[in-house]
Amino acid sequence: MADVRVRFAPSPTGYLHIGGVRTALFNWLYARKTGGKFVLRIEDTDQERSTPESKAIILESLRWLGLTWDEGPEVGGDHGPYVQTERLGLYRAYAEKLIASGHAYRCTCTKADLDAQREALKARDPKANFKYPGTCRDANRPASEPHVVRFKVPTEGAVTYVDKVFGEIKTPNGAQQDFVLLRTDGIPLYNFGAVVDDTTMGITLVARGRDHMVNTPPQILIYEALGAKVPEFAHLPMMLAPSGEKLSKRHGAVSVTEYREKGYTPEGVLNYLVRFGWSCGDREIFSMEELVEAFTWETCGRGDGKFDAKKFLAVNHEHMKQDRLQSAQTYADRTKPFLVARGLTLPASDEHLMAALKTVRERSRTFIEAAEGADFYFRAEPVVDEAAATKFLVPAAAERLQGFTQALANAPAWEEKALDAAVHAWLEAAGLQIKDVAQAARVALTGRSASPGLFEVLAVLGREVSLARLEAGRARAAAAPAPAQNG
RNA sequence: GGCCCCAUCGUCUAGCGGUUAGGACAUCGGCCUCUCACGCCGGUAACGCGGGUUCGAUUCCCGCUGGGGUCACCA
């Protein structure tokens, strides 16, 4: 299996859909696992919808995910070009070859005419199954007239292939019609373009979504007519919306771009998607290396699955938390853009940034949450949650805050353990418990009622800032109106 | 409707003839605790139905039901 060649062939008609990412991922994993090549090809033969912007977004998304390609746009390779509209001559040549060998023919029926026939039939019998009637099948139309090229599907027999995940699939030829290979303008249709490209690019295995399973029999017919080697096929079960419908924009975020913007880690995204239709016993969380190691087509499932945003978040959370999956440095680098987006000034040293992020890491499910949670470290003054301040920075807390602050100021070293010890010594002497001052101190230091542990915060914030914020909090508490007496 | 595919907790799944049907997410209790989390402990929760095959079916076969995909000069 040293010469495995697989490909991902998106059409540049929008953002990269997470369903497409999953397809790309499985191909990529197989290539990496076998030491084969992962080829990226752009199928832009739908000129109505294809855009250069979309192509750029797709390439960027794949790079962000780390699904690097060995051959394709921007990296080159020996089987290029890797964009279909740059290969038009090839399709034309192969079509001529099929006409010459009697496997295809020119058809001058117009689309308008065929559409009319289809509708007429449907009007007569809504359940009827329209197939191209074969008007031009044996008519030998001249090349001088406007025409499409159709494949001459055998009237007898069936196509049988062994799918790597679904097993043997058999489809009678009678169920197929003489499909179009080349349009009037000479641009190939999906099935033809894919086969010509896959065969000329030496693709050995085609893995794609189950929604393409219906395309496999006609494609195999083309390979055979061309006298080309038929590649292996592996279809992946569908990823459906929670409602059971096909997953689309109306079901929430479906593009990689959105998850990137929401602060997901690329590995988290990939890890969630790989568990769709693939499993490895009870294991759920994998690093990319582990995935490459564990991947096989045999352990792919066949049942469709439903997208679950909560599980997705949970899987991402694991990748956010585990140091094994993401180093502190990577975590910091990835959080930076989100910090900047909040208008915060990044600390001069990565060490300080990493120390701050370490305190919010386990409670952050995304980088957005990490940036939000660490917000108070990077402002001159914390953004104050007024409800929390009103509740905890009350006159009764002023004195305790002062004692707390004093204890800290006298600590032998501004370091978590020492601060903790100093505060507890004071607490004991004053006959208080940490909970008697914790929330007031927390609001003074962070502006909120929920934050990382007090001593962690103090240590990261530093002596000067901490003492200043505590004093400001004490002042506010002392000046606050006494809470209403009751009972 | 034709063709193709699928079927274990709400969701993702383990299971490859004999299990108290396991894990994860979600959910509900509890513990931990300076808050929020994290972590830990525990609960609720599944083999769609009917025939076979077999000493024995979640597991193998058939049918049914249910669900999905696809039927373009889109991909």
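Just so it is clear: chains get the letters A, B, ... in the order the sequence lines come, proteins before strands, and each one is counted from 1.
Taking CG from Leu270(A) and OH from Tyr264(A), the interatomic distance works out to 14.0 Å, rounded to the nearest 0.5 Å.
Between Thr216(A) and the phosphate of C4(B), there is no side-chain N or O to OP1/OP2 separation shorter than 4.0 Å. Lys306(A) has no side-chain polar atom (N or O) that falls below the 4.0 Å cut-off from OP1 or OP2 of G68(B). Regarding contacts with the backbone of C36(B), every side-chain N or O of Ser451(A) stays at 4.0 angstrom or more from both OP1 and OP2. Contact annotation: Arg183(A) reaches the phosphate of C74(B) (side-chain N/O to OP1 or OP2, under 4.0 Å). Taking side-chain N and O atoms only, Lys321(A) has a distance below 4.0 Å to OP1 or OP2 of G39(B).
As rounded to the nearest Å, U59(B) and A7(B) have P atoms that lie 12 Å from one another. Going from the C1' atom of A26(B) to that of C32(B) covers 23 Å, rounded to whole Å. With P as the reference atom, C47(B) and C12(B) are 16 Å apart, rounded to whole Å. Nucleotides A21(B) and U13(B) place their C1' atoms 13 Å apart, quoted to the nearest Å. For the P atom pair drawn from G23(B) and C61(B), the interatomic distance equals 28 Å after rounding to whole Å. If you take atom P in G66(B) and the same atom in C28(B), they sit 34 Å apart, rounded to whole Å. For the C1' atom pair drawn from U8(B) and G22(B), the interatomic distance equals 11 Å after rounding to whole Å. Of the P atoms belonging to G39(B) and A24(B), the separation is 11 Å, rounded to the nearest Å.
If you check every strand for non-hydrogen atoms under 4.0 Å, Thr184(A) touches a base. At the heavy-atom level, Asn191(A) lies nowhere under 4.0 Å from the strands shown.
For the residue pair His319(A)/Asn316(A), the side-chain donor-acceptor check at 3.5 Å is not satisfied.
For the pair Phe179(A) CZ and A72(B) P, the interatomic distance rounds to 13 Å; values are reported in whole Å. Atom CE of Met213(A) and atom P of U70(B) are 11 Å apart (whole Å). Whole-Å rounding puts the Leu454(A) CG to A37(B) P distance at 17 Å. Whole-Å rounding puts the Ile285(A) CD1 to G23(B) C1' distance at 12 Å. Atom CG of Leu432(A) and atom C1' of C34(B) are 13 Å apart (whole Å).
The residues Arg342(A) and Asp375(A) are annotated as salt-bridged, a charged nitrogen and a carboxylate oxygen being separated by less than 4.0 angstrom. A salt bridge links Arg41(A) with Asp197(A): at least one charged nitrogen is closer than 4.0 Å to a carboxylate oxygen.
Using a 4.0 Å cut-off on heavy atoms, the residues of residues 109-118 of chain A that approach RNA chain B are Cys109(A), Thr110(A), Lys111(A), Arg118(A), listed by number.
Closest of all the heavy-atom pairs between Arg208(A) and Thr23(A) is CA-CG2, 3.7 Å.
In a base pair of the Watson-Crick type (N1 to N3 plus N6-O4 or O6-N4) or a G-U wobble (N1-O2 and O6-N3), with each distance short of 3.5 Å, C55(B) is matched with G18(B). Base pairing of C32(B) is not made with any nucleotide, judged by Watson-Crick or G-U wobble geometry with both donor-acceptor distances under 3.5 Å. Both distances falling under 3.5 Å, in either a Watson-Crick or a G-U wobble arrangement, place U27(B) opposite G43(B).
For Phe192(A) and Phe179(A), the ring centers sit 6.0 Å or farther from each other. Aromatic rings from His212(A) and Tyr190(A) are positioned such that their centres are separated by under 6.0 Å.
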